[in-house]
Amino acid sequence: MCGVVGIVSSQPVNQALYNALTVLQHRGQDAAGIVTWSDEDGLKQRRSNGLVRDVFRSRHMMRLTGNVGIGHVRYPTAGGSKSSEAQPFYVNSPYGICLAHNGNLTNYDELADLLIREDRRHLSTNSDSEVLLNVLAHELQVRVNGKPTASNVFDAIDALHRRCQGGYAVVAMIIGFGIVAFRDPNGIRPLVLGEREERGSKDYMVASESVALDVLQYSRLRDVRPGECIVIENDGSLRCHDYPGEATHTPCIFEYVYFARPDSILDNLSVYKARLRMGEELAGKIVRDFPDHDIDVVIPIPDTSRTSALQVAYHLGVKYREGFIKNRYIGRTFIMPGQAERRKSVRRKLNAIDLEFRNKNVLLVDDSIVRGTTSKQIIKLAREAGAKKVYFASAAPPVRHPNVYGIDMPAASELIANGRSVDEVQELIGADRLIYQDLHGLIRSVRHGNSDIMEFDTSCFSGEYVTGDVTDEYLHDLEERRNDAAKKKRETKHDRESNVVAF
């Protein structure tokens, strides 16, 4: 999962891009990058591993001149965790194109082979974002003779959609022309369009979440439609184009469960309200499955589960308490590379308030259980703090299947619920009782109030992949390539190569 932003403004965009990336930091903590353009200074960029605040210093910001630019925060799914794969990526032909991408291509291998063999383009990384960039560059090159037009770009994006499969939300900058933003024909990954009146003209912005628009005082116009392409030229003119091929609206439901900030609105749905309703649905499930419960207190696992936990406590009629204090200088555990790092980070991240646990039967509420590492460690913390019984509730159903559209759940063997019953998971994490949300309850929670969305991508819960191209063979190959052991091997190799001294 990553965060993207693009701005065309009547004034310099470097600080605005920086501010947008800081509020999208929750979507990726591995690397960050900004690229800007001005007629006077040309193309300027800064990208590296690390948090936004660490990547960009004053000297970098001063060099990022121009009124047009794009930015990206990354955590690795495809590819690896190294600065050479920090985005935005750049290719110099045609015109010079920079691209930032959130998502994952499911036909990466096929596309990479065709790009090298038939399109005669060179790939220098293992990132599917570089493949997307080169597909876009190729489709533009065969269509444009001279200066590009919005019509040329629309045709190129239509061709890209026909070639690329998977989930993707993209912002790209064509040097000297403007910004291009588009979303996959299934609308799996989010992308929001906003505008702002500034000095008598309109500035435009696209971002992964509406919260980035709010911080910069842009009005949220609407979500980018599935398959739609938006062109914002350097002069501020905006044009939109709907994909003429088949397009359905199946946004990723896990955005509402965990990834998105609660103050964001995605696909016209409030993340905060969705999580409130998740708590209501979960409370109903607890009453049905555990009618004679002896719960003394409901305690959330900070931060994303707070909204749901409040509603659980309210509907059960028991106390809500903050039993864990979070160290805010530790990153999101889910997106840390490697199981060992996730396990170690739990105790650095959370500390229990003993008086909220001692001699009580506590219900811990989390947004989801993915690998189970965090859940097991947190339950252990609760017992060490003196809890008599520790019940655990998940606002999401069991995560049994890999996510192939840009969320780091590629290996079924690493998912604690894969091939296991609820009782088996309960025993593994050490809970006295485990309650999961029902899938239909989750869908009902998110979809409420927006009848336009008839279906969500629920693949990590249901095993049903909306793009229709995900086979057992593909999932097996993906697991072999992107499980934690494979990532560790790639990182070790990269570290060795980086330390080689040339004579």
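Residues Ile253 and Phe461 form a side-chain contact, since some pair of their non-hydrogen atoms from C-beta on lies under 4.5 Å apart. In this structure the side chain of Asp408 reaches within 4.5 angstrom of the side chain of Arg371, judged on heavy atoms. Using a 4.5 Å heavy-atom threshold, the side chains of Met205 and Val5 count as touching. Residues Met278 and Leu442 form a side-chain contact, since some pair of their non-hydrogen atoms from C-beta on lies under 4.5 Å apart. Looking at heavy atoms from C-beta onward, Glu473 lies out of side-chain contact with His476 at the 4.5 angstrom threshold. Looking at Trp37 and Leu43, their side chains come closer than 4.5 Å, going by heavy atoms from C-beta outward. Between Phe254 and Val370 the shortest side-chain heavy-atom distance falls below 4.5 Å. For the pair Arg47 and Tyr90, the minimum side-chain heavy-atom distance is 4.5 Å or more.
Although no hydrogens or angles enter the test, the distance criterion places a donor-acceptor pair under 3.5 Å between the side chain of Asp223 and the main chain of Asp267. In this structure a side-chain-to-backbone donor-acceptor pair under 3.5 Å is present from Arg143 to Glu139. In this structure, Asp367 contributes its side chain and Thr304 its backbone to no donor-acceptor pair below 3.5 Å. Proximity of a side-chain donor or acceptor of Arg46 to a complementary backbone N or O of Val55 within less than 3.5 Å is detected. Within the 3.5 Å criterion, the main-chain N or O of Leu221 finds no donor-acceptor partner in the side chain of Ser219. Using a distance-only test at 3.5 Å, with no hydrogens or angles considered, a donor-acceptor pair links the side chain of Arg27 to the main chain of Cys2. Side chain of Glu130 to backbone of Ser124: a donor-acceptor contact under 3.5 angstrom is found. Side-chain N or O atoms of Asn327 include none that pairs as donor or acceptor with a backbone N or O of Lys349 at under 3.5 Å. Side chain of Thr22 to main chain of Asn19: a donor-acceptor pair is present (N/O by atom type, distance under 3.5 Å, no hydrogens or angles). Side chain of Tyr75 to backbone of Met1: a donor-acceptor contact under 3.5 angstrom is found.
Residues Ala150 and Phe177 come closest through the heavy atom pair N-CZ, 3.9 Å. Annotation for Val91 and Ala137: closest pair CG1-CB, 4.0 Å, computed over non-hydrogen atoms. Residue Ala212 comes nearest to Ala207 through the heavy atom pair CB-CB, 3.8 Å, listed as atom of the first residue, atom of the second, then distance. Smallest separation of non-hydrogen atoms from Cys98 and Pro88: CB-CB, 4.4 Å. Taking all atoms of both residues into account, the shortest heavy-atom contact from Val192 to Ser208 is CG2-O, 4.2 Å. Nearest heavy-atom pair across Val135 and Cys164 is CG1-SG, 4.2 Å.
For the side chain to side chain contact (heavy atoms under 4.5 Å, CB included) with Asn14, the qualifying choice from Thr65, Leu64, Ile7, Asn67 is Leu64, the only one to do so. Test His101, Arg183, His161 against Tyr168 for side chain to side chain donor-acceptor pair (under 3.5 Å) and you get one pass: His161. Screening Arg74, His72, Gln87 against Ser129 for a side chain to side chain donor-acceptor pair (under 3.5 Å) leaves a single residue, Gln87. A side chain to side chain contact (heavy atoms under 4.5 Å, CB included) with Val4 is found for exactly one of Val170, Leu99, Leu191, namely Leu191.
Between Glu233 and Arg239, no side-chain nitrogen of the basic residue sits less than 4.0 Å from a carboxylate oxygen of the acidic one, so the salt-bridge criterion is not met. For Glu110 and Arg163, the salt-bridge test fails: no basic side-chain N is under 4.0 Å from an acidic carboxylate O. Ion pairing between Glu228 and Arg222 holds under the 4.0 Å rule for side-chain N and carboxylate O. Between Arg189 and Asp184, none of the side-chain N atoms (NZ, or NE/NH1/NH2) sits under 4.0 Å from a carboxylate O, so this pair counts as no salt bridge.
A 6.0 Å sphere centred on OH of Tyr95 holds more than 12 heavy atoms belonging to other residues, nucleotides or ligands. No more than 12 heavy atoms of other residues, nucleotides or ligands sit less than 6.0 Å from atom CD of Gln217. Annotation for Arg117: atom CZ counts as buried by contact number, over 12 foreign heavy atoms lying within 6.0 Å. Under a cut-off of 6.0 angstrom, the local environment of CG in Asp235 is crowded, with over 12 non-hydrogen atoms contributed by other residues, nucleotides or ligands. For CG of Asp54, the number of neighbouring non-hydrogen atoms (other residues, nucleotides, ligands) closer than 6.0 Å is greater than 12.
Inspection of the Asn186 and Thr248 side chains reveals an N or O donor paired with an N or O acceptor under 3.5 Å. A donor-acceptor pair shorter than 3.5 Å cannot be found between the side chains of Thr125 and Glu85. Between the side chains of Thr467 and Tyr405, at least one donor N or O sits under 3.5 Å from an acceptor N or O. Side chain to side chain, Thr149 and Asn152 meet the donor-acceptor criterion of an N or O pair below 3.5 Å.
Once rounded to the nearest 0.5 Å, the distance linking NE2 of His249 with CD1 of Ile188 reads 10.5 Å. Taking CG from Asp457 and CD from Glu464, the interatomic distance works out to 10.0 Å, rounded to the nearest 0.5 Å. Distance check: Ile97 CD1 to Leu136 CG gives 4.5 Å after rounding to the nearest 0.5 Å. Taking CD from Gln25 and CZ from Arg53, the interatomic distance works out to 7.5 Å, rounded to the nearest 0.5 Å. Rounding to the nearest 0.5 Å places OH of Tyr256 at 12.5 Å from OG of Ser445. Here the straight-line distance linking atom CD of Gln15 with atom CG of Leu216 works out to 9.5 Å at 0.5 Å rounding.
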Going through the distances and angles, do Arg162 and Tyr243 end up as a side chain to side chain contact (heavy atoms under 4.5 Å, CB included)?
CA-CA 10 Å; Arg162 291 191 291 269; Tyr243 179 50; 3.4 Å; yes

Pair Leu51, Gln29 - check side chain to side chain contact (heavy atoms under 4.5 Å, CB included), show working.
CA-CA 6 Å; Leu51 300 175; Gln29 300 168 5; 3.7 Å; yes

What verdict does the side chain to side chain contact (heavy atoms under 4.5 Å, CB included) test give for Phe182 and Ile230, after you've listed the backbone C-alpha separation in whole Å, the side-chain angles of each residue and the deciding distance to 0.1 Å?
CA-CA 6 Å; Phe182 56 93; Ile230 291 175; over 6 Å; no

With side chain to side chain contact (heavy atoms under 4.5 Å, CB included) as the test, would you mind laying out the steps for Ile174 and Leu140 before giving the verdict?
CA-CA 10 Å; Ile174 301 174; Leu140 270 176; 3.7 Å; yes

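The side-chain hydrogen bond (donor to acceptor under 3.5 Å, both in side chains) search around His241 returns Asp158, not counting sequence neighbours.
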